[in-house]
**Student:** 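Structure provided below as C-alpha cells; questions to follow.
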Amino acid sequence: MSIWWSLHLRREAASVPLARRLLVGAMETAGVDPDISYDLSLALSEACANAVEHGGDSSTGYLVTAFIDGDTCRIEVTDSGPGFPEQPRSRERRSRLPQPPRPLAPAEDEHGRGLFLIESLTDHVRVRNRPGRQGAVVTFDKILKWREDAALLRAS
C-alpha cells in the first residue's frame, strides 16, 4: 500500500510547523518508528525553511509533497525562487566522479546548514532547478522502520 499528500503553502514562517505536524501525524497514524519520523520532520522543516527564505517573492507559495511507498518515504519541496546556481559542465560524466563533501558553515553563522542537515538525516538527497521554469526542487528519501502495530502494514 502507498499513501501520498501534497500541500501548497504560503511563503511564511507559520507554514513550516504546519507541514511538519502534518507529516508527523501521517507517520504516526501509519505506524512509522518515531525516530524515523523525527528525522524526516526535521529534514522537512529545513527544506521548508529554505523555501520560505529563498523561494521567490512573497506572493508565491511553495509545494510540499510526501509519498510513502512500501518501506520508503520520499519528500519533495518545490519553490519558485531563483533556484540553485548553475554548475559548470564538463564533458566528463560528473556522476562517476567522487564528490567532495559539502562544506559546513562556520559555527557562528546562523545560516547555511539546512542542506547539510537534510543530507545527514536522510538516505538520499537530490537538489535541482525546476525544469523549464524558475525555482528549486529539494527531494529526499528515507528508508522507513515500522512499529509492530503499524496500521499501514496491516492494511496491505
Side-chain angles (χ1 to χ4, degrees), residues 1-13 15-28 30 32-57 60-106 109-146 152:
M1 174 179 258
S2 63
I3 59 173
W4 69 273
W5 54 262
S6 189
L7 295 171
H8 186 249
L9 299 164
R10 290 186 177 170
R11 282 192 49 245
E12 52 191 46
S15 68
V16 177
L18 174 66
R20 183 180 59 240
R21 287 183 192 126
L22 182 59
L23 176 69
V24 168
M27 296 277 176
E28 184 176 301
V32 174
D33 178 84
D35 291 336
I36 299 296
S37 295
Y38 178 80
D39 288 351
L40 280 167
S41 70
L42 185 54
L44 176 61
S45 294
E46 290 297 331
C48 289
N50 284 344
V52 167
E53 185 171 345
H54 306 291
D57 67 53
T60 62
Y62 67 101
L63 183 67
V64 175
T65 305
F67 305 89
I68 296 177
D69 189 25
D71 287 340
T72 303
C73 179
R74 170 169 286 170
I75 297 175
E76 189 169 276
V77 178
T78 305
D79 67 41
S80 56
F84 295 99
E86 289 294 324
Q87 299 296 321
R89 295 182 182 221
S90 93
R91 292 186 176 193
E92 298 180 57
R93 296 193 68 184
R94 290 190 178 269
S95 61
R96 293 186 182 179
L97 299 174
Q99 298 296 315
R102 187 182 308 275
L104 275 177
D109 282 2
E110 292 185 20
H111 301 286
R113 292 188 184 81
L115 288 175
F116 177 79
L117 278 170
I118 295 168
E119 289 172 345
S120 298
L121 293 164
T122 61
D123 297 316
H124 180 261
V125 177
R126 182 175 179 210
V127 177
R128 65 190 190 284
N129 289 323
R130 291 172 67 184
R133 48 184 12 172
Q134 191 172 1
V137 181
V138 176
T139 305
F140 49 94
D141 300 337
K142 186 145 180 96
I143 303 298
L144 300 176
K145 294 179 186 171
W146 302 93
L152 196 60

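All heavy atoms count here, side chains included; hydrogens, waters and symmetry mates do not.
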**Student:** Please name the pair of heavy atoms, one in S2 and one in D69, separated by the smallest distance, quoted to 0.1 Å.
**Tutor:** CB-OD1, 3.3 Å

**Student:** Any side-chain heavy atom of F67 sitting closer than 4.5 Å to one from C73?
**Tutor:** no

**Student:** Under the salt bridge (Lys or Arg N to Asp or Glu O under 4.0 Å) rule, collect the residues that match up with R20, sequence neighbours excluded.
**Tutor:** none

**Student:** Check side chain to side chain contact (heavy atoms under 4.5 Å, CB included) between W5 and all other residues, then give those that pass, not counting sequence neighbours.
**Tutor:** L7, L22, L23, A26, V64, A66

**Student:** Measure the spacing between CZ of F140 and NE2 of H124 and express it to the nearest 0.5 Å.
**Tutor:** 12.5 Å

**Student:** What heavy-atom pair brings V52 and Y62 nearest, and what distance separates the two atoms?
**Tutor:** CG2-CE2, 3.7 Å

**Student:** With distance as the sole test, does S15 use its side chain to make a donor-acceptor pair with the main-chain N or O of R10 at under 3.5 Å?
**Tutor:** yes

**Student:** What do the steps show when you test V127 against V137 for side chain to side chain contact (heavy atoms under 4.5 Å, CB included), and what is the final call?
**Tutor:** CA-CA 6 Å; V127 177; V137 181; over 6 Å; no

**Student:** Once you round to the nearest 0.5 Å, how far does OG of S45 lie from CZ of R21?
**Tutor:** 10.0 Å

**Student:** What verdict does the side chain to side chain contact (heavy atoms under 4.5 Å, CB included) test give for L18 and L9, after you've listed the backbone C-alpha separation in whole Å, the side-chain angles of each residue and the deciding distance to 0.1 Å?
**Tutor:** CA-CA 9 Å; L18 174 66; L9 299 164; 3.8 Å; yes

**Student:** Is it true that, when you exclude E28 itself, more than 12 heavy atoms of the residues, nucleotides or ligands shown sit nearer than 6.0 Å to its CD?
**Tutor:** no

**Student:** If you round to the nearest 0.5 Å, how far is CD of E46 from CD1 of I118?
**Tutor:** 6.5 Å

**Student:** Taking D123 for the side chain and I143 for the main chain, is one N or O donor matched with an acceptor at less than 3.5 Å?
**Tutor:** yes

**Student:** Any heavy-atom pair between the side chains of T65 and I75 that's under 4.5 Å?
**Tutor:** no

**Student:** Give every residue pair that meets the salt bridge (Lys or Arg N to Asp or Glu O under 4.0 Å) criterion with at least one member in residues 127-139, sequence neighbours excluded.
**Tutor:** E76-R128

**Student:** In chain order, what residues pass the side chain to side chain contact (heavy atoms under 4.5 Å, CB included) check against H8, with sequence neighbours excluded?
**Tutor:** L63

**Student:** Under the rule for side chain to side chain donor-acceptor pair (under 3.5 Å), what residues qualify as partners of D141, not counting sequence neighbours?
**Tutor:** R74

**Student:** Heavy atoms, side chains only, cut-off 4.5 Å: are W146 and D33 in contact?
**Tutor:** no

**Student:** Give me each pair satisfying salt bridge (Lys or Arg N to Asp or Glu O under 4.0 Å) with a member in residues 35-44, each pair once, sequence neighbours excluded.
**Tutor:** D39-K142

**Student:** Measure the shortest side-chain to side-chain distance between V138 and N50 over non-hydrogen atoms and say whether it is less than 4.5 angstrom.
**Tutor:** no

**Student:** When rounded to the nearest 0.5 angstrom, what is the spacing between OG in S41 and CD1 in I36?
**Tutor:** 11.0 Å

**Student:** So, for P17 and A13, which heavy atoms are closest and what is the spacing to 0.1 Å?
**Tutor:** CD-O, 3.3 Å

**Student:** Are the side chains of L40 and L144 in touch, meaning some heavy atoms are under 4.5 Å apart?
**Tutor:** yes

**Student:** Which heavy-atom pair separates L44 from A19 by the least distance, and what is that distance?
**Tutor:** CD2-O, 3.6 Å

**Student:** Without swapping roles, check the side chain of D79 against the backbone of G135 for a donor-acceptor pair under 3.5 Å.
**Tutor:** no

